[in-house]
Amino acid sequence: MEKKAKIKIAITIASLAAISILFTRQQRRRRKLNQCPQYSCYLQSEPKPQHNFKRVLADNSYSPFKHANKEKSSGSHPYELEITALLENPRPEFDFSNVDLDLQRSDSFVWVETKSQLNELANALSKEFFFAVDTEQHSLRSFLGFTALIQISTEKEDYLVDTIALHDEISILQPFFADPGVCKVFHGSDNDVLWLQRDFHIYVVNLFDTAKACEVLSKPQKSLAYLLETYCGVATNKFLQREDWRQRPLPAEMLQYAQTDAHYLLYIAKCLVAELKQQGNENSYCPDDKFNFVLEASRRSNMVCLQVYTKEIESYPGEAAASSIFFRLLNGQGGVSSISSVTQDLVRRLCAWRDLMARVHDESLRFVLSDQAIIALANKAPANRTDVYTTIAQADSDVDCLNLSSSLPSPSPVVCSHLDDVERQVCNNVENLDDILLANLQKCLGPNGSCPLSVFNYVLPAKNNWELKNQSNKFVYKQNGVKVSRQVAKKASRDLFVQKFSCKSPVYHNCRIYANDGRLLCYCDRKKLEWLVDCLYFVFNSTINMLQFTELFSSYRYLTRDLAKLVEDNPPAIMLLFEPKGRPEDEGNEFYIQSKKNICVSCGEGNHYLRYRIIPSCYRIHFPEQLKSHRSHDIVLLCVDCHEVAHAAAEKYKKQISAEFGIPLFIHKVADSRKEEARPGFSASITNFEEAGVSPLQLRTAAMALLHHGPTMPSNRREELRRIVMRYYGGREISEEDLERALLVGMSPRERRRHAKKRGLSLKMSKPTDFPNKQQDSYPGVTVESAAMDATKADNVLGLHAIETQKSGEKEGRSSLTESHESKPPTFSNGGIDQLVFSTIWKKMNSMSKVSDSKDDSVGNVDDECENSSAQNGFGSSSPTPNSKVSLLGHGPHGKQVVNYLLRKYGEDGIRQFCQRWRQVFVEALHPRFLPAGWDVMHSGRREFGEFSVYNPAKKPADDGAAEINKMHH
Ligand code: AMP
Ligand code: MN
Ligand code: ZN
């Protein structure tokens, strides 16, 4: 038995070594893969004609439509005055009577697709007192629709204007449409008038609508087809109306249809006006009423012109569609409350998602997802992606069988490209709708988003477009529009800042590990889960060869052994098939078994966020190891704005602490302790602080200014700066090299590396003594004077010894926000070899999480960062490295003194209270509304550490392996 165990240990150790090598290799490969989006949107390979539009007046954002500005326009319609003037004071009567209108339609028309052709048209229109107009629209593959063709007919000519090719030029026709001296003849103009405003800021003033004339004349029908037939003897095929008017070249049949729609309008208008006059004469007993019929038709027509185009505004996306679906579901019976709340919720989610996706991709709602598909999804609540897919396809094919008309692709390319999101929408009913939508938007259009940005959707992600009012599923729309250009510039620079500094991918992956009875053990990030699974698999299948292993490594699906199984795909969740010994809820700490949202904990912003350390790093890095483990509690996500507020409050509080403890925030003076004729190695001589010495920041600023602008600055300023640097060097004359050296004074190794990288080669050639790597000398050749007094005298030695003996800094460095809840590794109840292996893996996982993700977190101040450069490289090497150094330029020395003072005076309780004070500062600064449940200012930090936890104070990190093996034998 013992022999068998020993062999197994040997295999295990060998395996683990192999894993760590393979792991790093695999990680590199994964990182490469992660750079391209997981899936790409269909739009990447399907260009649409509207993508060539440069000027889009009505974009797909939730902000209101902006009408043309015109001097003296009072209301929302820029030509309100002109139109009301027409209503009250009609122009001289329409008189088409002496117009020679040719009933015969010639087959020829003018196709207008270039700018010069458009200019010719404008020239022709400038000579006309009336012209007829019709438009054709495209609405299936566009969110708001766009004008694909404008037909304009004069007495002499029919023009077909290609408004796709000329989309950005059409506005030169504005004056003709707005001229009250020119009558425009339309048929059924209610929509055309709005479409022309939407696409071109074309406003129609002085309109004669032949359909309105029919109304006034009480005609039996008022359709154009009827008029064409009765007045012109022409039959049309109105089905062509619904054709795809984006086609180029347009088929002859459609061209003919389009020409016909406008060509006869002037003639029809002439006939109708004559009838109106006739009616007036016949029905009038009073001669004053003679022209009332004509004027009534004119008045009704111009009322149409007063309409203004608006975008539909809903209190949450898809609201109107959801209501109409409820109505359909109810089939005229019962109230909405008779629909189950689960179904209602699903319908709302799907409608909201559809609305957002239609805007992002510039597609119509029905193209993205049909109403019947939404109903089917809501009724069936499918369990996975395949199910979602077939449910939609089935629902659409059922309806297609009923009316053979439309044959849209089902599911649509939008659904297929974003099936993950639909699935999340349907299968996950826990999350807040706002969060899901914002996450979707971020995923589609955010930095490195999957879908193309265009003039239609680029405003969508702008923060101002939607503001989360509260946690109820309501979107609230900000009314105040653009104010001044300075604000725009400010916003642009802020956007850049957000892009640069916010986390590039969600911080919390919310992968789960369940116990064998289905209870949640913890959340963790993806990397950690993959690792755990891979290790479990490999360790217990050590007969496979390396090649097989590498293949298996990247997938969880091979988790077939009896240790764990994959229970969910996205985000992945595994269930352990053995009984873990301890459970998080035994500790009474709900906080650690919660899913965490990728939003700002203060305001809920989900578009950009970055990590924020509630307890500033300048203190935290000096905490004893066991007090550092609550990383996930005291590091939260904040949006850029809230981050700013919190940071400012923290800086203010640091000053308060500095005053309270009598420990200054900055090092007051440093001085060069080397002799002028410096020998190799470092001098230990102490310089007299009274005469020499300068603050490290001041020194650095002065040296920098001299190096960069020395020759060009005024001589007295130059002299002033030179004196500052000279004070550091004990008053002696300084050279260029001295300036270079002064730049490095007080820098932590990390800052030095950064600096070296910036300066490139020039530094590589400098003397190696300037960049010490050895531990004996933390700040070579620099004597440090801190102004800290009294109580902290003992800590006041920031020279070699104090820093040398300092334990390693925060090992996780800047990457400390992970979902690791590492305190309690689940352990096997039956003990034995499995438990050893498992706990080793667990421990490794925990140390791994500390080096993961580090690139995401890039806001940090030089002053609150301290990095331990030595990467963890495999098992058993988790012992702290002693060469962490604190920058003298920031608050590092202050932090160290404060923490040492607290520890000496109050022990660990002092630190716990100190943390509570910082949490209080945080809460008071922001009043955060989205903190995870269980987050607590009083969070004690007293947690029981698992037997194998690296945070178990009883354990010495250096001899982990041995200890465990020893335990095995007892
Ligand atoms: P019309 O006023 O008949 O020239 O129609 C103008 C535009 O309105 C057409 O290009 C279509 O895009 C749209 N439209 C009008 N009626 C319908 C309909 N029944 N179904 C679909 N689209 C229509
Ligand atoms: Mn038409
Ligand atoms: Zn997309």
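Both ligands and their constituent atoms are indexed starting at 1 by order of listing. Here, residue 1 is the first one in the sequence, and each next residue gets the next number. What's counted below: heavy atoms across the whole structure, side chains too, no hydrogens, waters or symmetry copies.
The environment of Y226 atom OH is dense: over 12 non-hydrogen atoms of other residues, nucleotides or ligands sit within 6.0 angstrom. Within 6.0 Å of atom NZ in K156, more than 12 heavy atoms from other residues, nucleotides or ligands are found, so the atom counts as buried in its surroundings. Within 6.0 Å of CD on E253 lie no more than 12 heavy atoms contributed by other residues, nucleotides or ligands. When the shell of 6.0 Å around CZ of R55 is examined, it contains 12 or fewer heavy atoms from other residues, nucleotides or ligands.
Distances from atom 14 (N) of ligand 1 to the heavy atoms of K238, Q137, Q151, Q241 put Q241 nearest.
T135 places no side-chain N or O within donor-acceptor distance of the main-chain N or O of D192, the cut-off being under 3.5 Å. For the pair H187 (side chain) and T210 (backbone), a donor-acceptor distance under 3.5 Å is absent. S417 contributes a side-chain N or O that, together with a main-chain N or O of P413, makes up a donor-acceptor pair within less than 3.5 Å.
Atom 9 (C) of ligand 1 has E136 OE1, 3.3 Å as its closest protein atom, hydrogens excluded (heavy atom only). For atom 6 (C) of ligand 1, the closest heavy atom belonging to the protein is T135 O, 3.2 Å. Ranking the protein heavy atoms by distance from atom 21 (C) of ligand 1 puts R242 CG, 3.5 Å first. Here the heavy atom of the protein found nearest to atom 2 (O) of ligand 1 is D134 OD1, 3.6 Å.
Of all N, O or S atoms in E136, the one lying closest to the Mn ion (ligand 2) is OE2. Atom OD2 is the N, O or S atom of D134 at the shortest distance from the Mn ion (ligand 2). The Mn ion (ligand 2) lies closest to atom OD2 when only the N/O/S atoms of D261 are considered.
The proximity of D261 to ligand 1, defined as any non-hydrogen pair under 4.0 Å, is limited to the side chain.
Counting heavy atoms from C-beta outward, F53 and F146 have side chains that approach closer than 4.5 Å.
The shell of residues lying under 4.0 angstrom from ligand 1, judged by heavy atoms, includes W195.
With ligand atoms numbered from 1 in the order given, ligand 1 contributes 10 (O) to contacts under 4.0 Å with heavy atoms of W245.
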